[in-house]
Protein chains: 2
Amino acid sequence: MTASQTKGISILLVDDHPVVRQGYRRVLETQSDFDVTAEAEDATSAYAAFKAHLPDVVVMDISMPGASGLEAIRNIRLRAPRARILVFSMHSEAVLVKAAFKSGASGYVTKSSEPMVLVQAIRSVARGERAMSDDVAHVLALESLSPSASVFEQLGEREIEILRQLAAGSTQEQIASNLNISMKTVQNYQSLIKTKTGMRTDAQLVRLAAEYGLTSL
Amino acid sequence: MTASQTKGISILLVDDHPVVRQGYRRVLETQSDFDVTAEAEDATSAYAAFKAHLPDVVVMDISMPGASGLEAIRNIRLRAPRARILVFSMHSEAVLVKAAFKSGASGYVTKSSEPMVLVQAIRSVARGERAMSDDVAHVLALESLSPSASVFEQLGEREIEILRQLAAGSTQEQIASNLNISMKTVQNYQSLIKTKTGMRTDAQLVRLAAEYGLTSL
DNA sequence: CGGTGGGCCGGGAAATCTTCCCGATCTTGC
DNA sequence: GCAAGATCGGGAAGATTTCCCGGCCCACCG
């Protein structure tokens with residue numbers, strides 16, 4: 001049923017910036033066996049687009065407003081376990097990379113990579129392999145060696161997402177609404193995050209998050 | 001000497017992400033009177049590229065690693081006061097926008113804008129006009145209405161010092177001790193600072209302070 | 001299987017922090 | 001002297017934080 005059976009690789013682009021999507025297209029259309037069949041601009045519409053087009057590979061930025069990109073990945077993989085998702089992100093911090101793979105991503109390429117790195121990575125994941133850019137591999141490799149786990153190591157995915165939104169300046173109410181949980185739960189997580197990381201104030205959390213690239217600032 | 005005299009608008013692209021630069025190119029090359037003559041990938045090389053090509057318009061992302069994009073703007077305008085610089089950013093916070101214009105930018109367009117918005121903005125700044133995307137205008141307009149004209153200038157010395165320590169991660173208790181005042185006073189200041197600046201959470205205060213260079217981070 | 005551990009979700013209650021009110025002092029400038 | 005404004009803090013109501021608890025689901029293991 002997918003377009004991949006006979007010839008090219010069909011691709012769904014997910015990014016909230018139109019111009020960046022244009023950039024994907026420009027790079028990808030130089031490859032005759034690539035076919036960009038759809039685009040989506042947020043996590044929620046990503047699954048709809050996936051269902052409608054059943055692309056061979058989803059190329060996705062995970063730092064999008066609102067719902068987490070990680071959740072979108074899980075969402076897609078839940079209903080389509082054979083989906084191949086390639087994360088294309090500004091950040092290469094180990095926490096994020098590991099979270100992405102754990103959520104079901106097949107590859108991870110940073111936006112600072114040369115365009116051809118993205119192209120090669122797409123081919124790899126389309127073949128069912130894992131792929132990542134050099135810088136990501138470097139980060140992961142170092143991470144796997146050091147027994148000194150980063151502060152984030154001990155944070156669950158939910159905790160990381162809440163920390164990210166907190167650091168971005170969202171109020172508890174907004175976070176609760178974004179994640180469809182109660183404010184009480186947000187408060188409990190916030191408190192838990194502080195004890196786990198050893199931070200005492202919200203301000204320290206912001207700085208911690210910024211240090212690890214969780215927020216742009 | 002520049003290429004603009006007779007026909008098209010020559011453009012220098014500055015962004016640290018190759019793929020994003022491809023996106024610029026793709027959009028801009030649809031315009032027959034545009035001519036993307038150079039690219040740069042960081043703030044420091046931006047001036048060199050400007051000097052070498054003397055483009056009519058510089059399209060620049062200001063959130064780049066290392067040196068501040070704002071500094072690059074100032075750098076260019078210092079030696080070439082007639083340079084036209086259009087900021088193209090992910091963020092539209094009033095502080096950033098104002099800082100950009102203050103540094104010498106001629107326009108400000110967010111990356112979430114439709115591509116044609118960027119195109120029109122480039123034409124505007126090439127004509128010597130100011131230009132910005134709707135969302136940026138919205139933010140600035142609201143800002144100009146609020147009694148907090150400059151958000152920051154209206155803070156007293158004591159308020160700024162407390163904001164600085166807060167943003168640095170100090171607890172109320174530490175601040176009170178440092179300044180030899182009661183915690184209650186610190187709390188009152190903190191509250192006052194929020195209302196004056198329009199920030200709602202501590203996290204937003206940290207980001208505000210960081211954007212103004214109040215804290216290193 | 002059933003048990004165990006972990007992540008996720010929230011209630012309860014006391015402690016703490018925030019907000020918005022108020023008055024006090026002190027300096028500055030007219 | 002007097003007004004303005006910066007600094008300092010109390011009081012009280014409301015919101016947040018902390019720490020405790022139990023329930024749910026899922027993955028792993030004996």
Side-chain angles (χ1 to χ4, degrees), chain A residues 67-68 70-75 77-79 81 95-96 98-104 149 151-167 169-206 208-209, chain B residues 147-206 208:
Chain A
S68 161
L70 295 178
E71 217 164 283
I73 295 177
R74 242 173 294 117
N75 220 334
R77 297 287 323 250
L78 228 167
R79 278 80 149 243
V95 232
L96 281 183
K98 297 176 78 166
F101 279 117
K102 198 172 169 188
S103 293
V151 206
F152 287 119
E153 208 59 25
Q154 40 190 338
L155 295 184
E157 158 144 351
R158 209 58 169 164
E159 289 154 354
I160 289 183
E161 176 59 21
I162 285 172
L163 171 56
R164 193 185 64 75
Q165 295 200 28
L166 267 178
S170 303
T171 64
Q172 295 183 346
E173 202 174 3
Q174 291 169 331
I175 297 174
S177 161
N178 287 343
L179 300 180
N180 271 103
I181 56 182
S182 79
M183 258 176 52
K184 189 70 222 301
T185 301
V186 176
Q187 292 172 356
N188 282 337
Y189 270 113
Q190 189 171 343
S191 192
L192 183 62
I193 292 168
K194 281 186 189 166
T195 58
K196 276 192 177 180
T197 58
M199 300 293 111
R200 309 199 8 68
T201 70
D202 286 359
Q204 290 171 355
L205 283 184
V206 175
L208 182 70
Chain B
S148 61
S150 55
V151 176
F152 220 60
E153 276 68 16
Q154 46 172 350
L155 293 183
E157 190 179 313
R158 212 54 168 169
E159 289 155 352
I160 288 184
E161 177 58 21
I162 285 174
L163 171 55
R164 196 188 62 74
Q165 294 200 30
L166 269 178
S170 303
T171 64
Q172 294 184 345
E173 200 173 4
Q174 291 170 330
I175 297 174
S177 163
N178 288 343
L179 301 180
N180 273 102
I181 55 182
S182 80
M183 256 176 53
K184 190 67 223 300
T185 302
V186 176
Q187 292 171 357
N188 282 337
Y189 271 113
Q190 189 170 341
S191 192
L192 183 62
I193 292 167
K194 282 186 190 167
T195 59
K196 275 192 177 181
T197 58
M199 300 293 112
R200 310 203 1 72
T201 69
D202 286 358
Q204 290 170 356
L205 282 183
V206 175
L208 181 70

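In what follows, every heavy atom counts, from backbone to side chain, and hydrogens, waters and symmetry copies are set aside. Reminder, nothing fancy here: chain letters follow the sequence lines and each chain counts from 1.
- When every heavy atom of A:Ala167 is checked against every heavy atom of B:Ala203, the shortest pair comes out as O-CB, 4.2 Å.
- Atom-to-atom, CG of A:Leu166 to P of D:dT16 comes out at 12 Å; the value is rounded to the nearest Å.
- Closest of all the heavy-atom pairs between B:Leu179 and B:Arg158 is O-NH2, 3.3 Å.
- Taking CD1 of B:Ile162 as the start and CG of B:Asn188 as the end, the distance is 9.5 Å to the nearest 0.5 Å.
- Atom-to-atom, CD of B:Glu161 to C1' of D:dA6 comes out at 15 Å; the value is rounded to the nearest Å.
- As rounded to whole Å, 15 Å separates atom C1' of D:dG5 from atom CD1 of B:Ile160.
- Heavy-atom minimum distance, A:Gly169 versus B:Thr201: O-OG1, 3.6 Å.
- Considering all non-hydrogen atoms of both residues, B:Ile175 and B:Ser170 come closest at CG1-CB, 3.7 Å.
- Between the side chains of A:Asn178 and A:Glu161, no donor N or O sits under 3.5 Å from an acceptor N or O.
- Contacts with DNA chain D (heavy atom under 4.0 Å) in residues 173-181 of chain B: B:Ile181, listed by number.
- Residue A:Arg158 contributes atom CZ, which lies 15 Å from atom C1' of D:dC24 at whole-angstrom precision.
- In terms of modelled atom types and a separation under 3.5 Å, the side chain of B:Thr195 and the main chain of B:Leu192 share a donor-acceptor contact.
- Taken residue by residue, residues 182-194 of chain B places heavy atoms nearer than 4.0 Å to DNA chain C at B:Met183, B:Lys184, B:Gln187, B:Asn188, B:Gln190, B:Ser191, B:Lys194.
- Contact check for B:Thr197 versus B:Gln204: no side-chain heavy atoms found under the 4.5 Å cut-off.
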